[in-house]
Amino acid sequence: MRAIKTVIPFKPDNPKSRLAPALTEEERKIFVGLSLENVLSVLKESGIKQVDILSKSALDAEDEKRLKTISETGFEITIMIDESDLNTAVNAYLRSSENPVLIVMADLALLTKENIEAMTAPARNTKKTDYIRIAPGKDGGTNMMFIGAPDVFEVNYYGESFKKHKEEAERKNLICEIHESFYAAADMDEPEDLNDILQHGSGKIRDFVNEILIDND
Ligand SMILES: Nc1nc2c(ncn2[C@@H]2O[C@H](COP(=O)(O)OP(=O)(O)OP(=O)(O)O)[C@@H](O)[C@H]2O)c(=O)[nH]1
Ligand SMILES: C[C@H](OP(=O)(O)O)C(=O)O
């Protein structure tokens, strides 16, 4: 059950440009590295054994070090580089997958083990492949998808991607379930989103945001 093919799209270079009013480029780089580490820890805690990081470019030494600390304890992380845009890279990944795929964005700083368990629970319908489960982002995007039929489903991120993904499910005759959760919906796009980390987050990423926001006061 836990041998679920899981992928995290990741863009390490000049990440999170919409956070530029609050964080310098260097701070944004650390922020996404900590956020990725947090997402990986949650996946590990929920029993997922192997994760592919689908990265737009090579990871730097600091990010590599963070991943090494997590993967050393029997949790396998594979880094795959694809320089194309997000949609092209994820669709190519899906085309090469035979089994259901869980896609988790790297900026889910409040993600919980319960979110992953709910996303990957067995489909309620009889067939294993004709379904998709979506966790929407708070602003109309898509934060996670569990795709039973990766060979037929095409992702189309950006803009109102949650709506587009529901329409794609309908076009492909897939049963679409929605995972509604404050924690899964909380992607970190705009400076005000960082307050959610202070209120609801924990660990290294909370300490980091706390330090930055206090320094900037
Ligand atoms: N592989 C890959 N991942 C991407 C790409 N663009 C974004 N991502 C990842 O997809 C997820 C959601 O992306 P966004 O929230 O738009 O992140 P971003 O592009 O760093 O942020 P903005 O510059 O503010 O749009 C995050 O996990 C990113 O790291 C890309 O071109 N290729
Ligand atoms: C990738 C994109 O992310 P957002 O811009 O909504 O954070 C989306 O969810 O479609």
Side-chain angles (χ1 to χ4, degrees), residues 4-19 32 35-36 39 42-43 51-57 80 82-112 115-125 127-193 196:
I4 289 171
K5 198 168 167 64
T6 303
V7 61
I8 305 177
F10 190 61
K11 191 185 72 151
D13 286 333
N14 191 22
K16 288 284 143 203
S17 56
R18 284 167 286 174
L19 292 179
V32 294
S35 183
L36 174 66
V39 167
V42 171
L43 289 169
V51 175
D52 293 326
I53 295 177
L54 184 59
S55 185
K56 198 177 173 72
S57 52
M80 302 169 75
D82 186 330
E83 292 175 0
S84 52
D85 63 86
L86 176 63
N87 287 319
T88 308
V90 173
N91 281 322
Y93 181 91
L94 292 178
R95 291 298 86 78
S96 70
S97 307
E98 283 168 14
N99 297 316
V101 171
L102 174 67
I103 308 173
V104 184
M105 290 320 202
D107 62 339
L108 307 182
L110 303 184
L111 192 68
T112 68
N115 291 143
I116 300 302
E117 287 167 354
M119 281 301 289
T120 57
R124 282 180 220 133
N125 58 321
K127 270 199 212 153
K128 271 181 94 176
T129 53
D130 57 0
Y131 71 94
I132 174 166
R133 197 173 280 139
I134 309 179
K138 62 186 179 337
D139 302 313
T142 307
N143 284 352
M144 289 189 281
M145 283 195 274
F146 187 46
I147 303 174
D151 50 335
V152 300
F153 191 87
E154 282 206 27
V155 303
N156 190 354
Y157 287 104
Y158 300 119
E160 297 281 296
S161 67
F162 173 53
K163 188 167 169 275
K164 291 189 278 180
H165 289 139
K166 275 196 301 184
E167 288 166 356
E168 167 70 354
E170 222 170 280
R171 262 195 303 276
K172 301 285 164 69
N173 280 321
L174 305 174
I175 291 170
C176 184
E177 294 174 4
I178 312 300
H179 173 58
E180 297 274 9
S181 152
F182 166 80
Y183 299 99
D187 44 4
M188 295 294 141
D189 289 339
E190 309 287 341
E192 57 269 24
D193 298 338
D196 285 340

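Everything numeric here is computed off the predicted structure, so don't read it as measured data.
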Side chains of Leu43 and Leu102: closer than 4.5 Å at any heavy-atom pair?
yes
Heavy-atom side-chain proximity of Ile134 to Cys176 below 4.5 angstrom:
yes
Partners of [X] by side-chain contact (heavy atoms from CB on, under 4.5 Å), sequence neighbours excluded?
{"X": "Glu160", "answer": "Lys163"}
{"X": "Val7", "answer": "Asp52, Leu54, Tyr93, Val101, Ile103"}
{"X": "Ala186", "answer": "Leu110, Met188"}
{"X": "Ala106", "answer": "Ile8, Phe10, Leu36"}

Locate the shortest heavy-atom distance separating [X] from [Y]; write the atom from each residue and the value.
{"X": "Pro100", "Y": "Lys5", "result": "O-CB, 3.6 Å"}
{"X": "Arg133", "Y": "Ala121", "result": "NH1-O, 2.7 Å"}
{"X": "Pro9", "Y": "Met105", "result": "CG-SD, 3.7 Å"}
{"X": "Phe162", "Y": "Gly141", "result": "CB-O, 3.3 Å"}
{"X": "Leu19", "Y": "Pro191", "result": "CD2-N, 3.6 Å"}

Does a side-chain N-to-carboxylate-O contact under 4.0 Å join Lys166 and Glu170?
no
With a cut-off of 3.5 Å and sequence neighbours excluded, list every side-chain donor-acceptor pair involving residues 143-156.
unit_1, atom_1, unit_2, atom_2, d
Asn143, ND2, Ala184, O, 2.8
Asn143, ND2, Ala185, O, 3.1
Asn156, OD1, Lys164, NZ, 3.3

Can you name the residues that form a side chain to side chain donor-acceptor pair (under 3.5 Å) with [X], not counting sequence neighbours?
{"X": "Asn173", "result": "none"}
{"X": "Thr88", "result": "Asp85"}
{"X": "Ser96", "result": "none"}
{"X": "Asp189", "result": "Lys16"}

Suppose we screen for ring pair (Phe, Tyr, Trp, His ring centres under 6.0 Å). Which residues come up paired with Tyr157, at least two apart in sequence or across chains?
His165
Checking Phe182 now: which residues fulfil ring pair (Phe, Tyr, Trp, His ring centres under 6.0 Å) with it, not counting sequence neighbours?
His200
Partners of Lys138 by salt bridge (Lys or Arg N to Asp or Glu O under 4.0 Å), sequence neighbours excluded?
Asp187, Asp193
Would Asp13 and Ser57 count as a side-chain hydrogen bond (donor to acceptor under 3.5 Å, both in side chains) here? Give the steps.
CA-CA 7 Å; Asp13 286 333; Ser57 52; 2.9 Å; yes
Between the side chains of Asn115 and Ser181, is a donor N or O closer than 3.5 angstrom to an acceptor N or O?
yes
Reported CD-to-OG distance for the pair Glu167 and Ser161, which is rounded to 0.5 angstrom
11.0 Å
Please answer whether the main-chain N or O of Ile4 pairs with a side-chain N or O of Thr6 as donor and acceptor at a distance below 3.5 Å.
yes
Could you walk me through whether Val32 and Asp107 satisfy the side-chain contact (heavy atoms from CB on, under 4.5 Å) test, starting with their C-alpha distance in whole Å, then the side-chain angles of each, then the deciding distance to 0.1 Å, before giving a yes or no?
CA-CA 7 Å; Val32 294; Asp107 62 339; 5.9 Å; no
Would you say Glu192 has more than 12 foreign heavy atoms packed within less than 6.0 Å of its CD?
yes
